[in-house]
J.: 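Once you've had a glance at the structure underneath, I'll fire off some questions.
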Number of protein chains: 2
Amino acid sequence: MADQHELRDKGLRLTPQRELVLAAVRELGHATPEEVAEKVRQTHPGINLSTVYRNLETLENVGLVQHTHLGHGGATYHAAEELTHLHLVCGTCGSVGDAPIDVAANFVNALADDYGFKTDVTHFAVYGTCSACFTAESK
Amino acid sequence: MADQHELRDKGLRLTPQRELVLAAVRELGHATPEEVAEKVRQTHPGINLSTVYRNLETLENVGLVQHTHLGHGGATYHAAEELTHLHLVCGTCGSVGDAPIDVAANFVNALADDYGFKTDVTHFAVYGTCSACFTAESK
DNA sequence: GCCTAATTGCGAGTCACTTGCAGGTGTCAC
DNA sequence: GTGACACCTGCAAGTGACTCGCAATTAGGC
């Protein structure tokens, strides 16, 4: 696995726990540390929650995963290679939808041109109401 | 003050603490509950932190203030009448810049048309790197 | 001024991490 | 293959940011 290189280059190790955490993040798509821990425990029950937190942080430093804020405070983790979409968080039902980054391209460019602000599209959640909830509401 | 109507209409009271919390939010522009509490304590030292939290929630229900997630987990409160701008949060220096809602208009419309997703522009923080930090980084 | 329901203050509790530390283990040099 | 050492893990305790329950207080209608 190429992951090993990313870690070794920084003098870090590829431990079983670390592999499991990375695998869990990849499998879950987007998950909170708690969800990752739960997933990992299905195959390795003894793993400690603080180990999960530390590994998520380590993997993020190396660039294999990234986190996003989906509101409500908690961070959500993603495998870095899956970060090709925006997150549409529904404030009503709590669901998280996806949209391609392209939708935001104009917006990102406008912010860059007018404000010199370099937007990190992968890190931002869009808050609102999803179509299902909006339809239900307006009935 | 018109605020009183908003509250009384819902059978709520306008207490000194509530006025102070609202005044603090208006004066601070955007502030965390902790900052609001600190501000309020300058004029009314005895106020309890849980009172501040409860009042922020109450004022939000009434529509006089709103909260936004600026990353890092904590919610940030704003006076409702000041919510005419987006928040540009710099991940490097932590500063919070403003941009008019119009910048996002196309983006919001695109999401509405393509995904039926009704974006709550006032609730979303844009994460990235501000011009000052970006200039410093690329040196 | 009186009465009642909304509020407040306080202390305790919860949730989501974070930290310190001692023991374990992957890696590298030889 | 062996040994040394820095990196990791698990555990337990700690921290920050709220949230809750309850008795005492008080705003506001009558």
Side-chain angles (χ1 to χ4, degrees), chain A residues 1 3-25 30-41 43-62 64-65 67-77 94, chain B residues 1-22 24-25 30-41 43-62 64-65 67-77 94:
Chain A
M1 246 197 212
D3 307 335
Q4 208 162 331
H5 295 303
E6 313 274 355
L7 288 164
R8 294 230 184 119
D9 283 354
K10 303 212 175 190
L12 302 171
R13 296 175 188 167
L14 186 66
T15 63
Q17 290 88 337
R18 209 160 266 181
E19 276 189 291
L20 285 164
V21 167
L22 183 54
V25 171
H30 32 72
T32 62
E34 200 68 34
E35 287 166 345
V36 172
E38 202 175 314
K39 182 83 190 170
V40 171
R41 279 181 180 141
T43 52
H44 187 123
I47 200 164
N48 197 279
L49 188 56
S50 56
T51 301
V52 173
Y53 277 106
R54 279 185 288 221
N55 281 336
L56 285 172
E57 199 187 323
T58 305
L59 292 171
E60 185 164 18
N61 285 335
V62 175
L64 290 171
V65 306
H67 78 272
T68 308
H69 294 285
L70 264 38
H72 321 99
T76 306
Y77 286 82
Chain B
M1 248 200 215
D3 308 334
Q4 208 161 334
H5 294 304
E6 313 272 356
L7 289 164
R8 295 228 184 122
D9 283 354
K10 302 211 176 191
L12 302 171
R13 295 176 188 167
L14 186 66
T15 63
Q17 290 89 336
R18 209 160 267 179
E19 276 189 292
L20 285 164
V21 168
L22 183 53
V25 171
H30 33 71
T32 61
E34 200 68 33
E35 287 166 346
V36 172
E38 203 176 313
K39 182 84 189 169
V40 170
R41 280 182 180 139
T43 52
H44 187 123
I47 201 164
N48 197 281
L49 188 56
S50 53
T51 301
V52 173
Y53 277 105
R54 279 184 290 221
N55 280 335
L56 285 171
E57 198 187 323
T58 305
L59 292 170
E60 186 165 17
N61 285 336
V62 175
L64 290 169
V65 307
H67 78 271
T68 308
H69 295 285
L70 263 40
H72 320 99
T76 307
Y77 286 82

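Here is the naming used below: chain letters follow the sequence lines, and residue numbers restart at 1 for every chain.
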J.: Which pair of heavy atoms, one from B:His67 and one from B:Ala75, lies closest together, and at what distance?
T.: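 That closest heavy-atom pairing would be CD2-CB, 4.0 Å.
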
J.: Please name the pair of heavy atoms, one in B:Val52 and one in B:Pro33, separated by the smallest distance, quoted to 0.1 Å.
T.: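 So the two residues come closest at CG1-O, 3.9 Å.
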
J.: I need the minimum non-hydrogen distance between A:Thr76 and A:Ala31, along with the two atoms involved.
T.: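 Smallest heavy-atom distance, with atoms named: CG2-N, 3.4 Å.
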
J.: Nearest-Å distance, NZ (B:Lys10) to P (D:dG29)?
T.: 17 Å

J.: Identify, between B:Leu49 and B:Pro16, the residue whose nearest nucleotide on DNA chain D lies closer to the 5' end.
T.: B:Leu49

J.: Just the rounded figure in Å: distance from C1' of C:dA16 to NE2 of A:His67.
T.: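 So the NE2-C1' distance, A:His67 to C:dA16, works out to 14 Å.
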
J.: What protein N or O atoms touch nucleotides 2-7 of chain C N or O atoms at under 3.5 angstrom, if any, and at what distances?
T.:
unit_1: C:dA5; atom_1: N3; unit_2: B:Arg13; atom_2: NH2; d: 2.6
unit_1: C:dA6; atom_1: O4'; unit_2: B:Arg13; atom_2: NH2; d: 3.3
unit_1: C:dA6; atom_1: N3; unit_2: B:Arg13; atom_2: NH1; d: 2.9
unit_1: C:dT7; atom_1: OP1; unit_2: B:Arg13; atom_2: N; d: 2.5
unit_1: C:dT7; atom_1: OP1; unit_2: B:Arg18; atom_2: NH1; d: 2.5
unit_1: C:dT7; atom_1: O5'; unit_2: B:Arg18; atom_2: NH1; d: 3.3
unit_1: C:dT7; atom_1: O5'; unit_2: B:Arg18; atom_2: NH2; d: 3.1

J.: With a cut-off of 3.5 Å and sequence neighbours excluded, list every side-chain donor-acceptor pair involving residues 11-18 of chain B.
T.:
unit_1: B:Thr15; atom_1: OG1; unit_2: B:Arg18; atom_2: N; d: 3.1
unit_1: B:Arg18; atom_1: NE; unit_2: B:Asn55; atom_2: OD1; d: 3.0
unit_1: B:Arg18; atom_1: NH1; unit_2: B:Arg13; atom_2: O; d: 2.9
unit_1: B:Arg18; atom_1: NH2; unit_2: B:Asn55; atom_2: OD1; d: 3.4

J.: Only counting residues at least two apart or in another chain, list the ones meeting side chain to side chain donor-acceptor pair (under 3.5 Å) with B:Glu57.
T.: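 None.
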
J.: Can you measure B:Glu19 atom CD to D:dA27 atom P for me and round it to whole angstrom units?
T.: 11 Å

J.: Side chains of B:Leu56 and B:Val25: closer than 4.5 Å at any heavy-atom pair?
T.: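 A side-chain contact exists here, since the closest heavy-atom pair is under 4.5 Å.
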
J.: In whole Å, what is the span from the CG atom of B:Leu56 to the C1' atom of C:dT8?
T.: 15 Å

J.: Restricting both atoms to N or O, compile the protein contacts to nucleotides 11-17 of chain D shorter than 3.5 Å, with distance only.
T.:
unit_1: D:dC11; atom_1: N4; unit_2: A:Ser50; atom_2: OG; d: 3.2

J.: For B:Thr43, check side chain to side chain contact (heavy atoms under 4.5 Å, CB included) against everything at least two apart and list the hits.
T.: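 If we apply the side chain to side chain contact (heavy atoms under 4.5 Å, CB included) test to B:Thr43, skipping adjacent residues, the hits are B:Leu20.
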
J.: Roughly how bent is the helix from C:dG1-D:dC30 to C:dC30-D:dG1 end to end, in steps of 10 degrees, with each end axis from five pairs?
T.: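 That helix has its two terminal axes inclined by roughly 40°.
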
J.: Do you know which two heavy atoms are closest between B:Leu49 and B:Ala37, and how far apart they sit?
T.: CD1-CB, 3.7 Å

J.: Using whole Å, what does the distance between atom C1' of nucleotide D:dT26 and atom NE2 of B:His44 come to?
T.: 13 Å

J.: Which residue pairs satisfy the salt bridge (charged side-chain N to carboxylate O under 4.0 Å, His left out) criterion with at least one member in residues 31-41 of chain A, sequence neighbours excluded?
T.: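 Sorted result for residues 31-41 of chain A: A:Glu27-A:Lys39.
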
J.: Just to verify, what does B:Asn48 make a side chain to side chain donor-acceptor pair (under 3.5 Å) with, not counting sequence neighbours?
T.: B:Ser50

